[in-house]
Amino acid sequence: MRWFLILLLPTTILCQTQPSAKAKAKPQEVIKLDELLLSKIAKESAPGIKQLEATMQSAKLNRDSIEDQYHWRLQTDATYVKANEKALAQFAPVTTDISQLQAAVIKPFSSGFQVGLSAFTNQTTDTFVQDATDTGFGLNLSVDLMKNLFGKLSKSQLRNAEALSKKAELEKEIQEKAFIQSLRKIYWAIVATEEQIKISKELLATSLQQLRDTERRRKSNVSDDGDVARSRSQVASRRSTILLLEYQRESQFQLLKEQLPTIANKKVVLANVNLTDAVGEVLECTAVIENQRETPYNFTQYDEVLDLVNQAYQERKTISDSTDGWDLKLNGEARRFGKERGFDNSVDGFTDDNQSRYTVGLQLNIPLDGKKSTTEDTLKLVDEKRFLAEKEMITARMNAFHTQTLTNIVLLQRAVRTQGENSKDLNTSLKSAKKKFNQARLGFRELIADQDLLLRSNLDEVTTKLTVVTTLLDYFSVFNQTPCSLNK
């Protein structure tokens, strides 16, 4: 047993000398956050911004897929036929083998026609001639004479896709700014919460001093046990308020970190900002907005979105009108080739004694029932309803935000002034109450009631100031070009 303990001793010493995991842990990185840094981080790494980018690229993908239809493409065909047929007459030839090979480059144009250049070789064997081969080149032309005459349909498809792509790009810019405004609302909510914590801590310090005074007065038999209990209850209430506000602040930080993963594992502290100063900037912005009696379309990008919505709808109508009814196409082909026995001889024949062949044809497509027409009518109705809904929604959003936001801010500013006056009067009343309490002219219960009223008034004033700021930030999510210092 002694030898076992001697062998175990070095291992025990080694384990005790190893640094603990906690000792190795790095201190949490601290980031001091202001609005400029908040916007920078959001633009660089926020998943919400990346999602907006993906939506915009989807619209561009649709446009690019339509444009891809008008690129050069290579088309190849290879066919082999083995036949075992009977002759219709005694000396009529019977074809036994057919081989066809063709490669063509084709270019459709948005003006409604398509051209192609092909190289081909066809070989036929019958009962009289073996390996009859024609090899050469062909030029193909196809022209739409009805639906896509002069490119009416294809150009509308391109213009519609381009308008939707530009609309998606504008909406991405608008939504990106709106997303940043939503982050700023969280930021200012944290600022307001910290200000409320500061106010509550100041009143907690007053309550603690008041508790000490009450306990001294109890020893001198000036106060009773009920006064001491009420004083302790007030201290507990103040601490509870602070804890709830701190929980609210941490929840707001969590919400912010969920939107900005790059700061999720960092300790965030706010730069020195003042909510009252921000309310002062609101006054400047309100003056700018008040000067616009009508909806200020120069302050927003939604008017451009509305123009693009209208443009896309007009092109969509043209597309819907062109896809119904008859379809007529003109197809033509010109071929130059050499015709001999065997592939090599046919190539020589193309060089020495080529031949030509011309083909012209019309292709007519006529719907024979009304089902397609009914479908097209329904599609037109859907397009119209969708356009009108989007147009009215955008127009209503702009008009409502402009007129109502101005009214709301004016009301909120009046509320801030009224609450400020109320807090001032409550502060004066509290000073008088303290004087009367020290003169034994006022009960302790009434003094505590006045202190609670002042705390509630101060906290409500901060909440109203925050509402003023966030209301204007909501306005900037629509009128994102407003020339105002608060619109960052």
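Source: prediction; values computed, not measured. Atom set for the values below is all heavy atoms of this structure, side chains included, hydrogens, waters and symmetry mates excluded.
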To the nearest 0.5 angstrom, please state how far the CD atom of E290 sits from the SG atom of C285.
11.5 Å
To the nearest 0.5 Å, how far apart are CD in E421 and CD in E461?
10.0 Å
Any donor-acceptor pair under 3.5 Å from [X] side chain to [Y] backbone:
X	Y	result
K257	K266	yes
T300	V478	yes
T470	L466	yes
N160	A312	yes
N487	T482	yes
N62	A161	no
S154	S110	yes
S237	S233	no
T464	D460	yes

Between F299 and F479, does the ring centroid distance fall short of 6.0 Å?
no
Flag the pair [X] / [Y] as yes when at least one side-chain heavy-atom distance between them is below 4.5 Å, and no otherwise.
X	Y	value
Q301	N480	yes
L486	F476	yes
R159	K155	yes
I41	L33	yes
E35	Y187	yes

Side chain to side chain donor-acceptor pair (under 3.5 Å) between R249 and Q252, intermediate numbers included
CA-CA 5 Å; R249 180 189 59 190; Q252 291 163 344; over 6 Å; no
Check for me whether K107 meets the cation-pi criterion with F109, that is, NZ or CZ under 6.0 Å from the six-membered ring centre and within 45 degrees of the ring axis.
yes
Sole residue of I199, N427, T206, L459 in side-chain contact (heavy atoms from CB on, under 4.5 Å) with L454:
N427
How are the rings of Y313 and F387 set to each other: parallel, tilted or perpendicular (split at 30° and 60°)?
parallel
Give the intermediate values and the outcome of salt bridge (Lys or Arg N to Asp or Glu O under 4.0 Å) for residues E384 and K380.
CA-CA 6 Å; E384 181 183 4; K380 291 176 185 177; over 6 Å; no
One pair to check against side chain to side chain contact (heavy atoms under 4.5 Å, CB included): V105 and R73. What are the steps and the verdict?
CA-CA 6 Å; V105 285; R73 65 176 183 267; over 6 Å; no
May I have the step-by-step check of side chain to side chain donor-acceptor pair (under 3.5 Å) for Q196 and T463, ending in yes or no?
CA-CA 9 Å; Q196 289 177 326; T463 301; 3.0 Å; yes
I49 and A42 have their tightest heavy-atom pair at CG1-O, 3.3 Å
Working for side chain to side chain donor-acceptor pair (under 3.5 Å), residues Q254 and E258:
CA-CA 6 Å; Q254 178 182 343; E258 287 175 0; 3.3 Å; yes
Should K267 and E29 be marked as a salt bridge (Lys or Arg N to Asp or Glu O under 4.0 Å) after you check the CA-CA gap, both sets of side-chain angles, and the distance that decides it?
CA-CA 6 Å; K267 180 176 177 57; E29 184 180 351; over 6 Å; no
